Amino acid sequence: MELADIIKERVSTRSFMGAPLSTEHAALLESLEKTFEKCRLVAINGVDGHVGTYGVVKGAAAAIAVICADDEASTLMRAGYEGEKAVLRLTEAGLGTCWLGGTFRHTSVSRKAKCKGDEFPVAVIVIGYIAEKRRLLDKLMVKMVHSRSRKNFDELFKGAKEYLHKYEKSLELLRLAPSARNAQPWRAVADSRGVHFYYADNGRFAPLDMGIGLCHFLLAEGCGFDRVTTDEFMSEAKDGNVYAGSVLFPA
Ligand SMILES: Cc1cc2nc3c(=O)[nH]c(=O)nc-3n(C[C@H](O)[C@H](O)[C@H](O)COP(=O)(O)O)c2cc1C
């Protein structure tokens, strides 16, 4: 499956069938458990009693706990990037997912993930087989946060036409990323050197959302998180938005 198709296929699923993961999918889940610099993904196969989604999610088979060692913006961005990479792998495998930042029981997840010191679960990604019919609460959540809509391309991304055109496909895929309450904090300026990213400081999930969006952009450009650098000319806050980093493409 092409990356663009996987990204277009992904939507937040809150109504699952309730069936446990197949052996093959359980192995995929396990392979996604990894430790990165200052964040890690923990696989939880069987969510009952471990996640507690306050009724927002029903019938999920598994989850990934996204654990951070501190709440620095760079840590949260990396966690968003790695978590979303996992989401796209699961989507490609035909599974439904939903990021949860608020509606999960933090203490149970911390215990399950054996959090130590300052570590905390910033989010969980619930996983499972998509139910044929969405429940009422699921439909309500989608309606409340206008999940299906996205801000216009021109509202999010600025720059001279030739540069915006150069990165249009990747920025379009970024625009389809999930974000907490569908807040879409991602902003970018494209110029002759590459793309400079900023996020609207609209809540504690903004850097995590930024990392999620960057994941779509970076994968579309065929590069990894190590390509995000600080560009001294562009690192000032812009229009009240926080500088996240730049992805530069030498001519
Ligand atoms: C970091 C993050 C936290 C989220 N937290 C919740 C949550 O607590 N409860 C929920 O129902 N959805 C949650 N969502 C899902 C968003 O509401 C959803 O991604 C957004 O509305 C866009 O819809 P889509 O994912 O279907 O494209 C979260 C998404 C992200 C990225």
Side-chain angles (χ1 to χ4, degrees), residues 3-16 39 41 47 50-60 63-68 71 73-92 95-109 120-128 130-131 134-153 156 172-186 197 199-217 219 242 244:
L3 176 72
D5 295 328
I6 300 168
I7 286 177
K8 285 172 190 158
E9 180 90 7
R10 186 217 59 83
V11 286
S12 291
T13 302
R14 298 177 185 84
S15 307
F16 296 96
C39 67
L41 303 182
V47 298
H50 296 307
V51 176
T53 64
Y54 301 103
V56 169
V57 173
K58 190 147 187 270
I64 288 176
V66 183
I67 310 295
C68 288
D71 61 0
S74 56
T75 305
L76 298 173
M77 274 199 284
R78 178 74 192 263
Y81 168 83
E82 299 297 348
E84 184 65 6
K85 254 176 92 174
V87 161
L88 297 177
R89 289 280 306 280
L90 293 158
T91 307
E92 187 177 21
L95 291 159
T97 59
C98 186
W99 279 88
L100 297 179
T103 51
F104 72 93
R105 222 176 288 127
H106 289 68
T107 43
S108 328
V109 173
F120 68 100
V122 65
V124 300
I125 297 159
V126 285
I127 301 156
I130 304 168
R134 292 210 332 266
R135 292 167 312 126
L136 201 63
L137 190 58
D138 184 350
K139 288 185 193 162
L140 207 69
M141 289 297 285
V142 169
K143 216 170 167 180
M144 252 166 36
V145 295
H146 305 286
S147 280
R148 298 285 171 263
S149 70
R150 290 295 186 273
K151 292 184 200 297
N152 289 333
F153 187 93
L156 300 176
E172 271 298 356
L173 294 180
L174 187 165
R175 208 167 70 89
L176 300 179
S179 57
R181 295 181 312 280
N182 203 21
Q184 309 162 60
W186 331 286
F197 292 94
Y199 57 86
D201 203 3
N202 56 14
R204 67 190 168 106
F205 292 114
L208 188 70
D209 288 339
M210 186 71 241
I212 293 171
L214 272 171
C215 174
H216 287 204
F217 178 86
L219 291 181
V242 182

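Just so you know, ligand 1 is whichever comes first in the structure, and atom 1 is the first atom listed for that ligand. Because the structure is a prediction, the values reported are computed rather than measured.
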Per-atom contacts, ligand 1 versus Ile212 - under 4.0 Å to a heavy atom: 31 (C)
Considering distance alone, does some N or O of Asp209 sit under 3.5 Å from an N or O of ligand 1? no
Does Arg14 use its side chain to pair, donor to acceptor, with the backbone of Val56 at less than 3.5 Å? no
Has Lys151 got more than 12 heavy atoms of other residues, nucleotides or ligands less than 6.0 Å from its NZ? yes
Is it the case that ligand 1 has an N or O less than 3.5 angstrom from some N or O of Leu176? no
Would you mind reporting whether Ser147 and Met141 have side-chain heavy atoms less than 4.5 Å apart? no
Is it the side chain (CB and beyond), the backbone, both or neither of Val145 that lies under 4.0 Å from ligand 1, heavy atoms counted? side chain
Please classify the Thr103 to ligand 1 contact at 4.0 Å (heavy-atom distances, strictly less than): side chain, backbone, both or neither. both
At a 4.0 Å cut-off, with the gap strictly under it, does some heavy atom of Ser179 reach an atom of ligand 1? yes
Got a salt bridge between Glu92 and Arg89, using NZ or NE/NH1/NH2 to carboxylate O under 4.0 Å? no
Taking non-hydrogen atoms only, is Arg204 closer than 4.0 angstrom to ligand 1 via side chain, backbone, both or neither? neither
Step-by-step side-chain contact (heavy atoms from CB on, under 4.5 Å) determination, Val47 to Val57: CA-CA 11 Å; Val47 298; Val57 173; over 6 Å; no
Below 4.5 Å, heavy atoms only, C-beta onward: do Phe120 and His106 meet side chain to side chain? no
Which heavy atom of the protein is the closest neighbour of atom 25 (O) of ligand 1, given with residue, atom name and distance? Ser12 OG, 2.6 Å
Atoms in ligand 1 flagged as close to Leu208, the criterion being non-hydrogen separation under 4.0 Å: 1 (C)
Relative to ligand 1, is Val11 under 4.0 angstrom through side chain, backbone, both or neither, heavy atoms considered? both
Between Asn152 and Arg175, does a side chain to side chain donor-acceptor pair (under 3.5 Å) hold up when you go through it step by step? CA-CA 9 Å; Asn152 289 333; Arg175 208 167 70 89; 5.1 Å; no
Ile125 side chain reached by Leu100 side chain, heavy atoms, under 4.5 Å: no
Using a strict cut-off of 4.0 Å, indicate which atoms of ligand 1 neighbour a heavy atom of Arg148. 26 (O)
List the closest protein heavy-atom neighbour of atom 21 (O) of ligand 1: residue, atom name, distance to the nearest 0.1 Å. Ser147 OG, 2.6 Å
Looking at atom 12 (N) of ligand 1, what's its closest protein heavy atom, distance included? Arg14 NH2, 3.2 Å
Starting from atom 13 (C) of ligand 1, locate the nearest protein heavy atom and write down its residue, its atom name and how far away it is, to 0.1 Å. Trp99 O, 3.1 Å
Looking at every heavy atom in both Leu88 and Leu219, which two are closest together, and how far apart are they? CD1-CD1, 3.8 Å
Taking atom 3 (C) of ligand 1 as the reference point, the nearest protein heavy atom with its distance: Gly101 N, 3.4 Å
Determine the sole option in Thr97, Leu90, Val124, Val87 for which the side-chain contact (heavy atoms from CB on, under 4.5 Å) test with Ile64 is passed. Leu90
Can you find a pair of side-chain heavy atoms, one from Cys68 and one from Arg78, that are under 4.5 Å apart? no
Heavy atoms of Ala244 and Met77 approach each other most closely as O-CE, 3.4 Å
Could you establish whether Glu84 and ligand 1 come within less than 4.0 Å of each other, counting only heavy atoms on the residue side? no
Of all protein heavy atoms, the one nearest atom 22 (C) of ligand 1 is Asn182 OD1, 3.6 Å
Can an N or O of Gly102 be found at a distance shorter than 3.5 Å from an N or O of ligand 1? yes
Atom CZ of Arg181: over 12 foreign heavy atoms under 6.0 Å: no
Heavy-atom distances under 4.0 Å decide this one: backbone, side chain, both or neither, for His146 against ligand 1? neither
In terms of atom number and element, which parts of ligand 1 are under 4.0 angstrom from non-hydrogen atoms of Arg10? 24 (P), 25 (O), 27 (O)
For Val56, counting its heavy atoms only, list the atoms of ligand 1 lying under 4.0 Å from any of them. 11 (O)
